[in-house]
Amino acid sequence: IGCGWLGQALASQLLQMNYHVVGTAKSEQRLTQISALGVISEQLTLPLTNTAVYQCFQCKSLIIAIPPQLRAGRVDYAEKIAQIVDRAQQGNVKQIILINSTAIYGGQVGDVTEASSLDLTQPKVKILFEAENSVLNSGLAAVSLRVSGLVGPKRLPGNFFKQGRQLKDPYAYVNLVHQV
């Protein structure tokens with residue numbers, strides 16, 4: 001679910017490994033892009049407002065790679081993920097992988113692990129935590145990957161500093177996940 005920058009790269013790799021791949025997008029342009037990769041594409045817009053049957057929920061494994069859009073002021077990420085999980089439970093899905101964000105750590109400094117305490121008083125942390133819990137408590141085999149700093153083709157680290165953006169702490173550690 002969510003065949004954007006990260007989802008398309010993942011879909012391409014899975015196809016090379018001979019997996020059956022169904023990818024979703026909300027725009028016609030993106031659907032054309034993922035179809036060109038050889039992916040079975042279907043239009044899916046969240047939140048779901050219909051009872052249509054989607055092929056993605058008939059697959060054994062479901063990977064959710066949609067951005068939370070918290071910086072854009074969206075606060076419905078947890079509800080969207082819960083809705084996806086509900087549809088997955090009604091379908092044939094056996095396992096879910098959620099591509100989540102390290103923003104769940106709320107700016108903690110130092111060594112941070114999955115066992116670190118989360119500050120649920122921060123709205124973005126609470127939203128990401130609720131989304132993650134929908135997946136992890138679904139009764140399906142589930143994992144949440146907390147990623148950030150996604151870089152690779154057409155996503156260069158220098159682009160994060162366009163429009164005069166400056167770092168609060170230029171010596172802080174930075175997470176980078178590079179798309180091959």
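Numbers here are sequence positions counted from 1.
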**Student:** Among residues at least two apart in sequence or on other chains, which ones pass side chain to side chain donor-acceptor pair (under 3.5 Å) with S61?
**Tutor:**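 Side chain to side chain donor-acceptor pair (under 3.5 Å) list for S61, sorted by chain: Q95.
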**Student:** Identify whether the distance between the nearest side-chain nitrogen and carboxylate oxygen of E132 and R146 falls below 4.0 Å.
**Tutor:**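 A salt bridge links E132 with R146.
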**Student:** Under a 4.5 Å side-chain heavy-atom rule over Ile, Leu, Val, Met, Phe, Trp and Tyr, are I81 and F57 clustered together?
**Tutor:**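 In one cluster with I81: F57, yes.
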**Student:** Are Q122 and D119 linked by a side-chain donor-acceptor pair shorter than 3.5 Å?
**Tutor:**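 Side-chain D/A pair, Q122 to D119: present.
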**Student:** Please find the pair of heavy atoms, one from A25 and one from R30, that lie closest to each other, and give the distance.
**Tutor:**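 So the two residues come closest at CB-CG, 3.3 Å.
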**Student:** For R87 and A52, which heavy atoms make the closest approach, and how far apart are they?
**Tutor:**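 Closest pair (atom of R87, atom of A52, distance): NH1-O, 3.1 Å.
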**Student:** Start with the C-alpha gap between V21 and I40, add the side-chain angles, then the distance that decides, and say whether side chain to side chain contact (heavy atoms under 4.5 Å, CB included) holds.
**Tutor:** CA-CA 6 Å; V21 180; I40 298 166; over 6 Å; no
**Student:** Between Y105 and L118, is there a side-chain heavy-atom distance shorter than 4.5 Å?
**Tutor:**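 Yes, at least one pair of side-chain atoms sits under 4.5 Å.
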**Student:** Short question: side chain of E42, backbone of C56 - any donor-acceptor pair under 3.5 Å?
**Tutor:**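 The answer is yes, because a donor-acceptor pair under 3.5 Å joins these two groups.
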**Student:** Looking at every non-hydrogen atom in both residues, tell me the closest pair between Y77 and I99 and how far apart they are.
**Tutor:**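 Scanning both residues completely, I find the closest heavy atoms to be OH-O, 3.8 Å.
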**Student:** Specify the closest pair of heavy atoms between Q43 and L31, including all atoms of both residues, with the distance to one decimal.
**Tutor:**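 It is CB-CD1, 3.6 Å.
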**Student:** Are V147 and L128 linked, directly or through intermediate hydrophobic residues, by side-chain heavy-atom contacts shorter than 4.5 Å (ILVMFWY only)?
**Tutor:**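 No; tracing contacts between hydrophobic side chains, which count when under 4.5 Å, never links both residues.
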**Student:** Got a second to check how far C3's SG is from Q33's CD, nearest 0.5 Å?
**Tutor:**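 If I round to the nearest 0.5 Å, the distance is 10.0 Å.
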**Student:** Could you tell me the separation between the CG atom of L140 and the NZ atom of K60, rounded to the nearest 0.5 Å?
**Tutor:**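 With rounding to 0.5 Å, CG (L140) is 14.0 Å from NZ (K60).
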**Student:** With a 4.5 Å heavy-atom cut-off, do I66 and I64 have their side chains touching?
**Tutor:**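 Counting from C-beta outward, I66 and I64 do come under 4.5 Å.
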**Student:** Looking only at heavy atoms, what is the nearest atom pair of A78 and S134, with distance?
**Tutor:**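 That closest heavy-atom pairing would be O-OG, 4.4 Å.
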**Student:** Surrounding CD of Q90 (heavy atoms of other residues, nucleotides or ligands, distance under 6.0 Å), is the total greater than 12?
**Tutor:**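 Above 12, so yes.
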**Student:** Of the non-hydrogen atoms in Q108 and S117, which two are nearest, and what is the gap between them?
**Tutor:**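 Result for this residue pair: NE2-O, 2.5 Å.
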**Student:** I'd like to know if V22 and V39 are part of one continuous hydrophobic network [Ile/Leu/Val/Met/Phe/Trp/Tyr, side-chain heavy atoms within less than 4.5 Å].
**Tutor:**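 No: no chain of side-chain contacts under 4.5 Å links V39 to V22.
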**Student:** Apply side chain to side chain donor-acceptor pair (under 3.5 Å) to S101 and S148, showing your working.
**Tutor:** CA-CA 6 Å; S101 170; S148 72; over 6 Å; no
**Student:** Are I34 and L46 linked, directly or through intermediate hydrophobic residues, by side-chain heavy-atom contacts shorter than 4.5 Å (ILVMFWY only)?
**Tutor:**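 No, no single cluster joins them.
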